[in-house]
Amino acid sequence: IAGTSKAAHSDVAPKKKKGPGALATAYLVIYNVVMTAGWLVIAVGLVRAYLARGSYHGLYYSIEKPLKFFQTGAILEILHCAVGIVPSSVVLTGFQVMSRVFLTWAVTHSVREVQSEDSVLLFVTAWTVTEIIRYSFYTFSLLNHLPYLIKWARYTFFIVLYPMGVTGELLTIYAALPYVQKTGLYSVTLPNKYNFSFDYHTFLILTMISYIPLFPQLYFHMMRQRKKVLGHVEDYSKVE
Amino acid sequence: MKHYEVEILDAKTKDKLCFLDKVEPNATIGEIKSMFHKSHPQWYPARQSIRLDPKGKSLKDEDVLQNLPVGTTATFYFRDLGAQISWVTVFLTEYTGPLLIYLMFYFRVPFIYAPKYDFTTSKHWVVHLACMCHSFHYVKRLLETLFVHRFSHGTMPLRNIFKNCSYYWGFAAWMAYYINHPLYTPPIYGEQQIRLALIIFLFCQIGNFSIHIALRNLRPPGSKTRKIPYPTKNPFTWIFLLVSCPNYTYELGSWLGFTLMTQCVPVAFFTLVGFIQMTVWAKGKHRSYLKEFRDYPPLRSPILPFIL
């Protein structure tokens, strides 16, 4: 039985299909640079506000606008997948981006009372650090000059940042519940001519519950990716 | 007559799983699968994928050993497709659910609406009509499954039944809840709207049934032949001139009719999701027709004439 040959590298699995064209690559580099810069602005904004106020409280207000702008801008990434210049799944990317956009607009923006909660700072911080690393990772990858440090950070920081972000998100949604119930926010009751009803309060609870099956799956997927990318696995010749 | 020797290896591990000697040259893959099943009882033929190449396409049950590009010692690769369930079973289960679930809401079985409404009936006649249409639709589907359809594949992966039933049963419950609700609001344009909706619904139900019969008649009993469908004497099949999968076109029409009849957002949503899925299927079918038949009529679109 013939043996398999030794494969030397493990950074990027050999791809059979060609990547995005030159124009698409240029656009993606610009996109990722702009996003990296945007999240850096948010990071700096948080630090400066903290130093000015001397407390963690209410830092959301100091970065509210850039957060909304850059997080919402990430919707373009769904388009990138749909058009094919990025090889990820449209559904997976769509899901990830929309859950962020949901937290930003449908929870934090919509329920004013929640904006001063510390849980908001928790997920904003997690998102900020994650995105700075992620977008710089993409930028360097596209330019074919990926420093090992960035790759390492991308596949290591999530171990802490992911649970941190999830905790912040869940606590924020939980904090919003009483206000949503009291005001009937985004809810529709019967009777109406569309014969439709929607209870946002129940929807938020179901959203929180959905984290239970979803979060571990995504977390362990990243763990497996980490082993694959950072593990430097090499095939050795098999002799029958 | 020289006999063949057949060895079957695991496609992933390349382990030798089975060795068959004195195999007839005119043995089919189906027969080889039966023989393999004897030595590995947990892998019934329906869950076996036998190929010439570990990463290649599955061979068909009808393929004959001596017509394959193999020597007198043939090597095949095996992949386990996982637990299988018959298409007929899946269809019967996924269609019986909506039929029964809708009726539970129609009769206002306890614990759905407030107790004072238990076992009452709606005062709107359109609600009774909707129940008849919905029930008729699923009874038609069940009967078609038993007596009309000729399936290409016998089985599908077991996990599909959970996915499919969640979809059908879930949507049926969601729609039925609102249509049969004590606070249901009938269509704005009243009798006119309902009459038009009923005409569309019935027209498309007959259309859909006509297409199913036409497709059945393309294929002799027990065979898996594929032919280009053409319009027949039945006017409802003339749509084949413009569309590859008119069964889906008519199905969309039926649900648009039902949406108009009930004026209910969940129904509209169900129609939309169904339309998206059927479009995906229609495009796939259209593509395989084009690939298989050189002379496929160029005027046809997958699901919507000239549009999609």
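We name chains A, B, ... by the order of the sequence lines, and we start the count at 1 in each one. Every value quoted in this text rests on a predicted model; they were computed, and no experiment measured them.
A donor-acceptor pair under 3.5 Å is absent between the side-chain atoms of Tyr194(A) and the main chain of Pro266(B), judged by distance alone.
In terms of heavy-atom proximity, Lys193(A) sits nearest to Gln263(B) at O-NE2, 3.0 Å. Closest of all the heavy-atom pairs between Leu183(B) and Asn195(A) is O-OD1, 4.4 Å.
Counting heavy-atom neighbours within 6.0 Å of Lys68(A) NZ, excluding the residue itself, gives a total above 12. Counting heavy-atom neighbours within 6.0 Å of Phe69(A) CZ, excluding the residue itself, gives a total of 12 or less. The local environment of OH in Tyr186(A) is crowded, with over 12 non-hydrogen atoms from other residues, nucleotides or ligands closer than 6.0 Å. Taking a 6.0 Å sphere around CG of Leu23(A), one finds it holds 12 or fewer heavy atoms contributed by other residues, nucleotides or ligands. In this structure, Lys12(B) places its NZ atom where only 12 or fewer heavy-atom neighbours from other residues, nucleotides or ligands lie under 6.0 Å away.
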Exercise for the section: Would you check, one step at a time, whether the test side chain to side chain contact (heavy atoms under 4.5 Å, CB included) holds for His181(B) with Leu190(A)? Expected result: CA-CA 9 Å; His181(B) 201 283; Leu190(A) 292 176; 3.4 Å; yes

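In this structure, Thr185(B) OG1 and Asn192(A) CG are separated by 6.0 Å, a value rounded to the nearest 0.5 Å.
Relative orientation of the Phe196(A) and Trp174(B) rings is perpendicular, given thresholds of 30° and 60° on the angle between their planes.
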